[in-house]
Protein chains: 2
Amino acid sequence: MLNQLTQLDKAFQALADPTRRAMVERLARGPVSVSDLARPLDMSLPAVMQHLAVLESSGLVQSRKVGRVRTCQINPEALSAAEQWINQRRIEWEHRLDRLGQYLETLKTEGEKK
Amino acid sequence: MLNQLTQLDKAFQALADPTRRAMVERLARGPVSVSDLARPLDMSLPAVMQHLAVLESSGLVQSRKVGRVRTCQINPEALSAAEQWINQRRIEWEHRLDRLGQYLETLKTEGEKK
DNA sequence: GCGATACTAAAGCACATGCTTAACCAATTG
DNA sequence: CAATTGGTTAAGCATGTGCTTTAGTATCGC
């Protein structure tokens, strides 16, 4: 719960870039090699490598090299950590609205008693 | 679905900063004025204003000024847009694993027939 | 072994980000 | 109306980000 905050920083920052989101979208359909990952992207291979490094250091993606080809995979756990942070804020907000609604309802019925 | 990509960039980028996440956490518990929002944060008011500007341009937060006090509120729609993007990638990945599992299961029963 | 393939490492550069301080304005409050 | 409170603007600066190019180093297929 301590260093995890830093992991959230990294996860959201990784997802903030459209190129990296495109990479994640591709990886969600299955593991791919670096050069396959790079093929549809309009930039140099080193640039893609740098994006991959960001994704890996955020924990969103893992990769391992076999022979000369590095294969990348999504890590759903890191993905759901980010998802849950957002989810909790939304839930919290909605509960607040519920309580507010109940309160207003109380005021209303109190008013009717008079 | 077109400009929304840019909105996703902004939403994730907004959430990538721990100060801004702290602000969102505070706002999830209810609307607050700018100076109340700033109070627990260890930085100048202008710095907080700049973070607020980022949150607003991402659509995650809305604010309006009455008299001399600006009150900030969370916008759950923008929050859930980001949440859903992540969710879809995770779902996609899990479905892939399901299909893979079924395929392996098929291979297994095929093998048993022999 | 030898060329092609698949990455990797390093340096450099333009632009964005996250602060700061120093004014400044506009509603309240006494 | 003067002082305070709550917010805003602008400028400046250190550091970070997203590329590029150039120059490698390991495999792989013949």
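Owing to the predicted nature of the structure, the values given are computational and were not obtained by experimental measurement. Below, read A as the first sequence line, B as the second, and so on, with proteins coming before strands; counting in each chain starts at 1. Values below: every heavy atom of this structure, side chains too, minus hydrogens, waters and symmetry copies.
- At whole-Å resolution of the value, CE in B:Met43 and C1' in D:dC13 are 17 Å apart.
- Between A:Arg26 and A:Asp36 there is no salt bridge, since no side-chain N of the basic residue sits under 4.0 Å from a carboxylate O of the acidic one.
- Residues from residues 44-53 of chain B that place a heavy atom under 4.0 Å from any atom of DNA chain C, listed by number: B:Ser44, B:Pro46, B:Ala47, B:Gln50, B:His51.
- Residues A:Glu94 and A:Arg90 are paired through a salt bridge, judged by an N-O separation under 4.0 Å between the basic side chain and the carboxylate.
- Counting 5' to 3', DNA chain C first comes under 4.0 angstrom of a heavy atom of chain B and last does so at the ends given by C:dT17 to C:dT28.
- B:Gln88 meets the side chain to side chain contact (heavy atoms under 4.5 Å, CB included) test with no other residue; sequence neighbours excluded.
- An angle of 30°, rounded to 10°, separates the two end axes of the helix from C:dG1-D:dC30 to C:dG30-D:dC1, each defined over five pairs.
- Of the residues in residues 63-70 of chain A, those with a non-hydrogen atom less than 4.0 angstrom from any atom of DNA chain D are A:Gly67, A:Arg68.
- Rounded to a whole Å, the CD atom of B:Gln13 is 16 Å from the P atom of D:dG16.
- If you check every strand for non-hydrogen atoms under 4.0 Å, B:Arg39 touches nothing.
- Position along DNA chain D of the nearest nucleotide to A:Asp42 versus B:Ser35 favours B:Ser35 as the more 5'-ward residue.
- Between the side chains of A:Trp85 and B:Glu83, not a single donor N or O lies within less than 3.5 Å of an accepting N or O.
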Next item on the list: Before giving the answer on side chain to side chain contact (heavy atoms under 4.5 Å, CB included), spell out for B:Met43 and B:Val48 the whole-Å C-alpha distance, their side-chain angles and the decisive distance to 0.1 Å.
Entry: CA-CA 7 Å; B:Met43 65 184 63; B:Val48 174; 3.9 Å; yes
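- In summary, the side chains of B:Glu56 and B:Ser63 do present a donor paired with an acceptor at a separation below 3.5 Å, with no hydrogens or angles considered.
- A donor and an acceptor atom, one from each side chain of A:Trp93 and B:Gln73, are nowhere located under 3.5 Å apart.
- Every side chain to side chain contact (heavy atoms under 4.5 Å, CB included) that A:Gln84 has, sequence neighbours left out, goes to A:Ser80.
- In this structure, A:Glu92 and A:Arg89 have side chains that are in contact, with non-hydrogen atoms separated by less than 4.5 Å.
- No donor-acceptor distance shorter than 3.5 angstrom exists from the side chain of A:Asp9 to the backbone of B:Asp17, with no hydrogens or angles considered.
- Taking the six-membered ring where the residue is Trp, A:Phe12 and B:Phe12 present parallel rings, their angle staying beneath 30° rather than reaching 60°.
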